[in-house]
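Read the structure below first, then the notes.
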Amino acid sequence: MLSGSSLIWIGALLLGLEALLTGASDFQHHGYEELVRALFAVQSECSYITRIYSIGRSVEGRHLYVLEFSDNPGIHEELEPEFKYVGNMHGNEVLGRELLIYLAQFLCEEYRAGNERITRLIHDTRIHILPSMNPDGYEVAARQGPEFNGYLVGRGNAKEVDLNRNFPDLNALMYYYEKHNGQNHHLPLPDNWELQVEPETLAVIKWMQNYNFILSANLHGGAVVANYPFDKSREPRIRGKTTYSATPDDKMFRKLAKTYSYAHSWMHKGWNCGDYFDEGITNGASWYSLSKGMQDFNYLHTNCFEITLELSCDKFPPATALASEWLANREALVSYMEQVHHGIKGMVYDENNNPISNAVISVTGVNHDITSGTNGDYFRLLLPGTYTVTASALGYQPFTSMVTVGPAEAVQLHFYLKVQPKGTNLNIKGYPNKKGPSTAKIPPTNLGPR
């Protein structure tokens, strides 16, 4: 005979199972109209912590809607980092699009329920979610459906351009600068670049330039692995051979990739989709070299660290698989966002406590600088350790501090810069922008999952 406590336990189990089954019935694919309705439904339900805005339109005129979560929507708060998720860059890789819709619903519901972890995340982070960068491509793929979707049907935008091969190629410029001691961050864009990219790419680049994003992930499909920069090899392409192309922040990127991989239900196990990736992560160029991709562009043109998440063997999984995929990715999506709060952050002031924007923050031993935002605040992702950090700005004397970073929240380190004495010539890397070799001639690239 079952005891009362056993009956209560079984009842709770059955209720949980019923809720899971009921929830599973809500997991459906969202066309453009359904996606828009879903986003606005979240915004209506959690209007006090959300905002919807459009960063532009696709070739066919569909809005690229972003849903923002913050305790002060629409406002950048000093020392509060900006985070973004981008889904559905390839129109036929649809799981990321659905996961980001579910994530938005989850954040809203858990905040309303008083979940302390989600409440803290939303209060301390400005989160931007772009479920679909390529809504036109999605509609093409969706007409084929999950059963008949080809590997390339709907991958590109309405003009059949692969958006992850459409960003200005800054890697060639970076690799040139590495050999000639040139600038190592915020590389300049080529002349007339706006005329060389698609409307969706243009919208995302302008978005990056308007917000000081610190951490990002780009959700894809066709494999199961967390892919980190650089995507483009430093070495000439040789058939059948790949080479690891590390960024100066390679250890940090590996940590970010493993954060997602190990929080995912099975990514970290390595064997997925007939491929093996140790710990479920890979350097992009080590997998295959890719030019003009978005994650490398983030790192080389902005303060943002981005990785590419390949989340499913099936690019267009059936609706019946969506509930289990959400459960497999939910913790990973939240854990990855939390990584934006590691390293150091602070303000850069002048002697009169006025914030200094575009100050350069350099870490000795890491050949990649970042800059302060328009409010004078900066954020530098770093692993635990002791670092020598220098802040410098045009017209001011550089200032250097030692700081020890722990495994928990970011350490605050503020800088107060004195005006540079007249007649002193300081060489600050990153000023002015230097011209490098032409990057116009780019060879065709591999069309793998990314």
Side-chain angles (χ1 to χ4, degrees), residues 76-83 124-125 174 177-178 181-187 212-215 228-229 246-259 298-300 302-306 338-421 424-431:
H76 173 75
E77 299 175 74
E78 291 179 1
L79 300 178
E80 183 172 290
E82 310 258 355
F83 176 96
D124 295 346
T125 323
M174 181 74 250
Y177 283 164
E178 286 178 340
N181 197 32
Q183 74 186 73
N184 62 23
H185 66 101
H186 290 81
L187 301 191
N212 186 22
F213 293 117
I214 306 305
L215 182 61
Y228 56 92
T247 68
D249 287 284
D250 188 62
K251 291 181 180 178
M252 186 72 236
F253 273 116
R254 288 178 58 85
K255 167 65 163 54
L256 292 170
K258 284 195 279 190
T259 294
N298 270 270
Y299 185 69
L300 295 175
T302 77
N303 286 325
C304 191
F305 286 38
E306 179 173 281
E338 292 172 331
Q339 300 309 301
V340 77
H341 293 287
H342 294 291
I344 60 174
K345 65 179 181 179
M347 299 293 300
V348 183
Y349 296 110
D350 66 14
E351 294 173 282
N352 297 314
N353 287 328
N354 298 310
I356 300 174
S357 63
N358 207 35
V360 176
I361 308 299
S362 306
V363 179
T364 300
V366 183
N367 189 32
H368 180 80
D369 303 336
I370 56 96
T371 58
S372 59
T374 54
N375 295 64
D377 53 352
Y378 76 89
F379 307 83
R380 187 40 164 114
L381 298 177
L382 292 169
L383 294 174
T386 299
Y387 299 91
T388 302
V389 184
T390 300
S392 53
L394 284 176
Y396 296 90
Q397 299 179 52
F399 189 86
T400 299
S401 289
M402 294 280 291
V403 62
T404 298
V405 175
E409 293 290 301
V411 176
Q412 289 198 24
L413 177 64
H414 304 302
F415 290 95
Y416 297 85
L417 304 186
K418 296 181 179 181
V419 174
Q420 174 186 332
T424 305
N425 183 22
L426 295 176
N427 181 21
I428 301 174
K429 184 176 286 190
Y431 297 103

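Note that the numbering runs from 1 along the sequence shown for the chain.
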For the pair [X] (side chain) and [Y] (backbone), establish whether a donor and an acceptor sit closer than 3.5 Å, ignoring hydrogens and angles.
X: Asp350; Y: Asn352; answer: yes
X: Ser372; Y: Ala359; answer: yes
X: Gln397; Y: Val419; answer: yes
X: His186; Y: Leu300; answer: no

Do you know which two heavy atoms are closest between [X] and [Y], and how far apart they sit?
X: Pro355; Y: Met347; result: CB-CE, 4.3 Å
X: Phe399; Y: Ser401; result: CE2-OG, 3.3 Å
X: His185; Y: Thr371; result: CE1-CG2, 3.7 Å
X: Ser357; Y: Thr374; result: CB-CA, 3.7 Å

Walk me through whether Lys251 and Val366 qualify under side chain to side chain contact (heavy atoms under 4.5 Å, CB included). CA-CA 11 Å; Lys251 291 181 180 178; Val366 183; over 6 Å; no
Flag side-chain contact, heavy atom, 4.5 Å: Arg380 against Asp249: yes
Distance (rounded to the nearest 0.5 Å) between [X] [atom1] and [Y] [atom2]:
X: Ile214; Y: Tyr378; atom1: CD1; atom2: OH; answer: 11.5 Å
X: Gln412; Y: Asp377; atom1: CD; atom2: CG; answer: 10.5 Å
X: Arg254; Y: Thr247; atom1: CZ; atom2: OG1; answer: 11.0 Å
X: Asp124; Y: Glu77; atom1: CG; atom2: CD; answer: 9.0 Å
X: Thr404; Y: Leu413; atom1: OG1; atom2: CG; answer: 10.5 Å
X: Lys345; Y: Glu78; atom1: NZ; atom2: CD; answer: 11.5 Å

Does the plane of the ring in [X] sit parallel, tilted or perpendicular to the ring in [Y]? Use 30° and 60° as the thresholds.
X: Phe253; Y: Tyr228; answer: parallel
X: His368; Y: Tyr299; answer: parallel
X: Tyr349; Y: Tyr416; answer: parallel

Polar side chain donor-acceptor pair, Thr125 to His341, under 3.5 angstrom: yes
Full working for side chain to side chain contact (heavy atoms under 4.5 Å, CB included) between Leu381 and Phe379: CA-CA 7 Å; Leu381 298 177; Phe379 307 83; over 6 Å; no
Mind running side chain to side chain contact (heavy atoms under 4.5 Å, CB included) on Glu338 and Thr259 for me, showing each step along the way? CA-CA 10 Å; Glu338 292 172 331; Thr259 294; over 6 Å; no
Could you walk me through whether Asn184 and Met174 pass side chain to side chain contact (heavy atoms under 4.5 Å, CB included), step by step? CA-CA 7 Å; Asn184 62 23; Met174 181 74 250; 4.2 Å; yes
Please say which of Asn298, Asn303, Val340 ends up in a side-chain contact (heavy atoms from CB on, under 4.5 Å) with Leu215. Val340
